[in-house]
There are 4 protein chains.
Amino acid sequence: MKKVPSSIKDEKLIKMRRDQMIKGAVALFKEKGFHKTTTREIAKASGFSIGTLYEYIRTKEDVLFLVCDFIYEHVKERMEDAIDMNDTNSHSLKGAIQSYFQLMDEMQDEVVVMYQEVKSLSKEAQEYVLKKERDMLNLLEHVIRHSLPEPLSDLDIELIANNIFVQGQMWGFRRWMLHKHFTIESYTERQMHFLFQGLPIPEKA
Amino acid sequence: MKKVPSSIKDEKLIKMRRDQMIKGAVALFKEKGFHKTTTREIAKASGFSIGTLYEYIRTKEDVLFLVCDFIYEHVKERMEDAIDMNDTNSHSLKGAIQSYFQLMDEMQDEVVVMYQEVKSLSKEAQEYVLKKERDMLNLLEHVIRHSLPEPLSDLDIELIANNIFVQGQMWGFRRWMLHKHFTIESYTERQMHFLFQGLPIPEKA
Amino acid sequence: MKKVPSSIKDEKLIKMRRDQMIKGAVALFKEKGFHKTTTREIAKASGFSIGTLYEYIRTKEDVLFLVCDFIYEHVKERMEDAIDMNDTNSHSLKGAIQSYFQLMDEMQDEVVVMYQEVKSLSKEAQEYVLKKERDMLNLLEHVIRHSLPEPLSDLDIELIANNIFVQGQMWGFRRWMLHKHFTIESYTERQMHFLFQGLPIPEKA
Amino acid sequence: MKKVPSSIKDEKLIKMRRDQMIKGAVALFKEKGFHKTTTREIAKASGFSIGTLYEYIRTKEDVLFLVCDFIYEHVKERMEDAIDMNDTNSHSLKGAIQSYFQLMDEMQDEVVVMYQEVKSLSKEAQEYVLKKERDMLNLLEHVIRHSLPEPLSDLDIELIANNIFVQGQMWGFRRWMLHKHFTIESYTERQMHFLFQGLPIPEKA
DNA sequence: AATGAATGAGGTTTCATTCAT
DNA sequence: GATGAATGAAACCTCATTCAT
């Protein structure tokens, strides 16, 4: 759990400075991507000098890790808040999807950044971060499992969870396509419709 | 749409050299990403010298463009072959999905590369490439429109086309998750099942 | 000869802190050399903070000076103790050599450090420190001059003094070679043997 | 034996450029030491750009290695030339010493540089270079062994070889002291005198 | 007197691109 | 047409030093 060492002792300060850093870095990464962003730009956007930046991280990759970790953690927390694990009520799946899609709408930029840049992390860091994605999928799977009248196989549950997860992200990374004709509300409504309804069956298939 | 000038006259040679280049580059980009791959590595993997590489492109970004363009073009062509635009038969949607998923399985590496690196292209190049994505979606939309017994709204058609498109790509870029429990055949079957069937409805929703 | 100013008033404290500093620094310099040792490491090894370090010195080079000066001073003092300037007894040269070699054995690390790093001092500091080397040589020269039955020329005396001086240091800086087959005692004995005896003369030379 | 890889293919060119490099670097190292010399200065002194420098080495330490290796190799070769291994004639030791001291006089700067900076090499490189020192000592030992009328113990031979070796270097690294009153000729003559003659014995010791 | 966070000049190294052969 | 040596801007990172607390 201990990650990204710093030469600064004051933990409060570390948190504060790193928050500044993440904020600045997300903005830059969104605009030009991780690789085209220089450490000096990150320092500047964070409001301190290059020397200070390196008091709080060891390498440029640490910044990316901090950013990814922050986003994943944030999304995960919000999902946990939105989903009542004890509520097996049948509405809960719809509610969960709605909350999740809403969140994806709010965090579009972050999600797109994260989405494109995780591959630049070291294998180790990637695994650490992906663990949180797994957690979120488990959450979704749990809701799916307990919200449906008829039980689904574990495989089907996994598939549906993945579909929902990706459809949430789609709203962000295919915005150039989807935002032309949809609002997040209409998008949510239609996706939900087809999720439950399916397509009109061709023939007797 | 003349793109990527070369100082070489012989068009045949250009095509040949660029094919070598694309093949080498895809392998490298898959492994380490566009930014971490050097032009020298590309030249080496392509089987010629750095000097020769630059006889066939102007900048490193040209390589990326060539790669993306090639992949999109290839996928597009294969989809056009697979889909008979005149066949309004009701089975055609299923057939199209099957062909497309099959293709995505074969071209996993290419698709993942393309998927991660398009954002590194210039806005202009991105638009050029994305145009081909638009074409593919149109293809899917056409099939959807003409395969279903009941007509869907244009918006719904667009949404479904996007869903199918992304679910095909998912098979590649979420392989770490999906390939554990699915083969491309079972994946296709279950996705198709839920596409038409939907989930068991909770309540009377 | 007031050297290395400090912003601290309490002279006792200065001496104490600087002793800590020298001890820590010698260990570090021995291990990684002056240039690869950071001021922060010196502070840490000395048991106080970087801020405090700079209360007792002005620049990093001051630390090196303090170290070199300390070592030279220490060696010089010990040599002065060992050599009774009034004792013109013929044994005194052997005694002096013995004491000096013994000292060089005890202070190997320090001598090696000093030996390698003096050149990193400013010309001015170098001269100051080398002055003490001159003093030690004078000491040796004095003993040589007054211990031999037949008088030697000044030049010869200087040469012999230098030889002895360097042979003492050799024990430290060529330890990888000499310590394999010698102890300080056998080394002293053999060196002394050849110093007085010379080699078996080839021919009638 | 293969050491210090280069991205240049033309071996002739590598040799040429590295010779330029060594020449430039020795001058700089002599003046300011390895650590205070920047790679850009080395490039400039070598007569090419910083980019070119790095085509012929991987790291700054490689330059130091090249320099040390060159010097050791050069000295070794010259010693091998000077010493006829088959000549067991009694004069050979004197001749060898004379040649060696002469060489040390010519290569003063190089020897001093090498002497001070070997410690900055990696352990591995140090061992590689020190191997050559061992070879030179063996050479000296051989001559000593075969030039003396009375046989010496192996230990004594080793000791004498070391003494001669260091006395040669002394002429360079203690020049501030020795060059005041000696020329290389008189230095050689007196050192040789005491080597064979020893000191006038105090008492009957 | 002691601390340690902040600074930024400057060091090492990489790599896209050019051009003479 | 092909080659690969040369270039230098620019990237990442370090660390001696300062100064407010």
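Note that this is a predicted model, so its numbers are computed, not measured. Just so it is clear, the values below take in all heavy atoms, side chains as well, and ignore hydrogens, waters and symmetry mates. Proteins come first, then strands; the chains are lettered A, B, ... in the order of their sequence lines, and each starts at number 1.
- Nearest-nucleotide positions on DNA chain F place Lys9(B) closer to the 5' end than the other of Lys9(B) and His35(C).
- The CG-C1' distance, from Leu53(D) to dG11(E), rounds to 13 Å in whole Å.
- With a cut-off of 3.5 Å on both pairing distances, the Watson-Crick or G-U wobble partner of dC15(F) is dG8(E).
- Within the 4.0 Å cut-off from OP1 or OP2 of dT14(E), not a single side-chain nitrogen or oxygen of Tyr54(D) is found.
- Residue Thr59(D) is the one, among Lys60(B) and Thr59(D), whose nearest nucleotide of DNA chain E lies closer to the 5' end (criterion: closest heavy atom).
- In this structure, dT21(F) forms a base pair with dA2(E), meeting either the Watson-Crick or the G-U wobble geometry with both donor-acceptor distances under 3.5 Å.
- Nearest nucleotide to the side chain of Arg17(D), out of dA6(F), dG4(F), dA5(E): dA6(F).
- Taking side-chain N and O atoms only, Arg40(B) has no distance below 4.0 Å to OP1 or OP2 of dG4(F).
- In this structure, the CD1 atom of Ile50(A) is 17 Å from the P atom of dG11(E), given to the nearest Å.
- Among the protein residues, Ile8(D) comes within range of the sugar-phosphate backbone only, with heavy atoms under 4.0 Å from sugar or phosphate atoms but none that close to a base.
- No engagement by Ser6(B) is indicated, since no non-hydrogen atom pair under 4.0 Å with the nucleic acid exists.
- Asp19(A) has a carboxylate O that lies under 4.0 Å from a charged side-chain N of Lys15(A), or vice versa, which qualifies the two as a salt bridge.
- Here OG1 of Thr52(C) is found 9.0 Å from CD1 of Ile50(C). Values are rounded to the nearest 0.5 Å.
- Counting distance only, with no hydrogens placed and no angle test, the side-chain atoms of Arg58(B) and the base atoms of dT17(E) include no donor-acceptor pair under 3.5 Å.
- Rounding to the nearest 0.5 Å places CD1 of Ile8(A) at 6.5 Å from CG of Leu13(A).
- Shown here, dA10(F) forms a base pair with dT13(E); the pair counts as Watson-Crick or G-U wobble because both key distances fall under 3.5 Å.
- Applying the 4.0 Å criterion to OP1 and OP2 of dA16(E), one finds that Thr39(B) has a side-chain N or O inside that range.
- Along DNA chain F, the nucleotide nearest Gly47(B) and the nucleotide nearest Glu61(C) are compared for position; the residue whose nucleotide lies closer to the 5' end is Gly47(B).
- Looking at the side chain of Glu55(A), the nearest of the listed nucleotides dC12(F), dC15(F), dG1(F) is dC15(F).
- Of the possible donor and acceptor atoms, one in the side chain of Glu61(A) sits under 3.5 Å from a partner among the backbone N and O of Ser122(A).
- Nearer the 5' end of DNA chain E, as judged by each residue's closest nucleotide, is the contact made by Gly51(A), out of Gly51(A) and Thr37(B).
- Using a 4.0 Å heavy-atom distance criterion, Thr38(D) is classed as a sugar-phosphate-only contact.
- Within the 4.0 Å cut-off from OP1 or OP2 of dA2(F), at least one side-chain nitrogen or oxygen of Tyr56(B) is found.
- Between Ser49(C) and dT3(E) there is a side-chain polar atom (N or O) within less than 4.0 angstrom of OP1 or OP2.
- Considering Lys131(B), Glu133(B), Glu110(B) in turn, Glu133(B) is the only one that fulfils the side chain to side chain donor-acceptor pair (under 3.5 Å) rule with Tyr72(B).
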